[in-house]
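Notes to accompany the following structure.
The chains referred to below are lettered A, B, ... by the order of the sequence lines, with proteins before strands, and numbering in each begins at 1.
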Amino acid sequence: MAHFQNLHSWALSPREAVELQRSLRGKVRIEPLGREIGTIAGADISFDKFSSTVYAGIVVLRLPSLEVIEEVGVRSEAQFPYVPGLLSFRETPPLLEAWAKLKCEPDAVMLDGQGIAHPRRVGIASHFGLIVDRPALGCAKSVLVGRYVEPEREPGSWTPLVHQGETVGAALRTKAGVQPVFVSPGHLIDLQGAIALTLRCCKASRVPEPTRLAHLLVNAVRRGERTIDELDRTPRQDSLFD
DNA sequence: GCGACAG
DNA sequence: ATCTTGTCGC
């Protein structure tokens, strides 16, 4: 069962959340990966319009095969509104509930959002990474802050995402003929590592597999096509051999 | 004051 | 994020 540290309270006002981000900023470590990544988790949440009920899920994949080795999901209540720049205060609590259900311990985690490509350099990937103390990266479908020039058409090509004169991420072409995704290191990984890891997670879609599969999982749970109970008691093939 | 604004 | 079907193209 994957665990995590209680760094702080989640009962905060938006104003207090901003102050907390300022204090967390100095704890974020952007550095080369410390070891090889053999498993990576994708995390995402889904919810009904006009409802505070949220479904959080995590899918763990093995690299380089991209086979799914574990899936967990939870239903929870959002306690914080969506505010640009404060996304982690809305999504992290439910995601941690799901994280706590994991039987395996992923070597890294990919979040649907930004890492340090954030106004105060503490996007959800940085915040989540700090709490679970694992290499974390953000792979977003759009930009929060920063400017970039369109990367070349070839998959794998990228251009720096620059904010206030600092390279905080990259516009990465994961597939020809589609918009780039925005990758940024979150914690315990650097930009080079985040880009390389994201590319290792790409198959046929614009969005890398961890995030894509986590998205499909939480939507299926929200629609009742899959149940949390089913997930709780369906051990993955691999876990039988662990 | 105006425009921007992850999910 | 979510609301929603078909449709154009490889």
Side-chain angles (χ1 to χ4, degrees), chain A residues 10 14-15 17-18 20-21 24-25 28 42-59 73-98 109-130 136-148 153-155 161-164 168-172 174-187 191 194 198 203-208 210-225:
Chain A
W10 291 102
R15 181 173 219 163
V18 169
L20 176 59
Q21 290 182 322
L24 291 177
R25 180 174 186 167
V28 176
D44 194 21
I45 73 166
S46 176
F47 52 87
D48 288 309
K49 201 175 184 180
F50 305 130
S51 169
S52 61
T53 297
V54 302
Y55 300 84
I58 293 176
V59 177
V74 300
R75 187 176 78 181
S76 188
E77 291 298 312
Q79 303 292 267
F80 200 94
Y82 168 67
V83 179
L86 300 179
L87 175 67
S88 69
F89 293 88
R90 175 180 174 76
E91 304 200 347
T92 298
L95 287 178
L96 288 176
E97 289 179 45
V109 56
M110 176 182 286
L111 285 296
D112 194 0
Q114 316 294 339
I116 60 171
H118 176 280
R120 292 165 292 283
R121 305 290 182 269
V122 193
I124 189 170
S126 300
H127 199 165
F128 193 86
L130 276 172
L137 67 144
C139 182
K141 297 177 292 300
S142 63
V143 173
L144 175 59
V145 295
R147 290 169 53 75
Y148 69 98
R153 193 171 185 290
E154 296 69 43
L161 176 62
V162 181
H163 178 55
Q164 295 178 169
V168 295
L172 174 65
T174 57
K175 179 183 179 183
V178 301
Q179 288 299 107
V181 292
F182 304 90
V183 176
S184 60
H187 186 53
L191 181 57
T198 297
K203 203 170 183 179
S205 305
R206 174 202 179 205
V207 178
T211 295
R212 193 179 72 81
L213 296 180
H215 188 72
L216 289 177
L217 172 64
V218 292
N219 275 324
V221 172
R222 175 172 60 81
R223 297 168 181 150
E225 298 163 359

Check whether any side-chain nitrogen or oxygen of [X] sits under 4.0 Å from OP1 or OP2 of [N], and answer yes or no.
| X | N | value |
| --- | --- | --- |
| Lys49(A) | dA1(C) | no |
| Ser88(A) | dA6(B) | no |
| Ser46(A) | dT2(C) | yes |
| Asn219(A) | dT2(C) | yes |

Just the rounded figure in Å: distance from [atom2] of [N] to [atom1] of [X].
| X | N | atom1 | atom2 | answer |
| --- | --- | --- | --- | --- |
| Asp44(A) | dA1(C) | CG | P | 7 Å |
| His163(A) | dC5(B) | NE2 | C1' | 12 Å |
| Gln21(A) | dA6(B) | CD | P | 14 Å |
| Arg120(A) | dC5(B) | CZ | P | 16 Å |
| Phe89(A) | dA1(C) | CZ | P | 21 Å |
| Leu111(A) | dG7(B) | CG | P | 12 Å |
| Asp112(A) | dA1(C) | CG | P | 7 Å |
| Phe47(A) | dA6(B) | CZ | P | 13 Å |

Would you say the side-chain atoms of [X] pair up with the backbone N or O of [Y], donor to acceptor, closer than 3.5 Å?
| X | Y | answer |
| --- | --- | --- |
| Arg121(A) | His118(A) | yes |
| Arg206(A) | Pro180(A) | yes |
| Gln114(A) | Ser142(A) | yes |

Classify [X] by what it touches in the nucleic acid, base, sugar-phosphate, or nothing, heavy-atom distance under 4.0 Å.
| X | value |
| --- | --- |
| Gln114(A) | base |
| His127(A) | nothing |
| Arg222(A) | sugar-phosphate |
| Leu86(A) | base |
| Val143(A) | sugar-phosphate |
| Gly85(A) | base |

Just compare dC3(C), dC5(B), dA1(C) and give me whichever is closest to any side-chain atom of Pro84(A).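 Minimum distance to the Pro84(A) side chain belongs to dC5(B).
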Among dG7(B), dA6(B), dT2(C), which nucleotide has an atom closest to any side-chain atom of Ile124(A)?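 The answer is dA6(B), which lies nearest to the side chain.
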Could you tell me whether the side chain of Trp10(A) reaches within less than 4.5 Å of the side chain of Thr92(A), counting heavy atoms only? yes
Atom OH in Tyr82(A), atom CG in Leu87(A): separation rounded to 0.5 Å? 6.5 Å
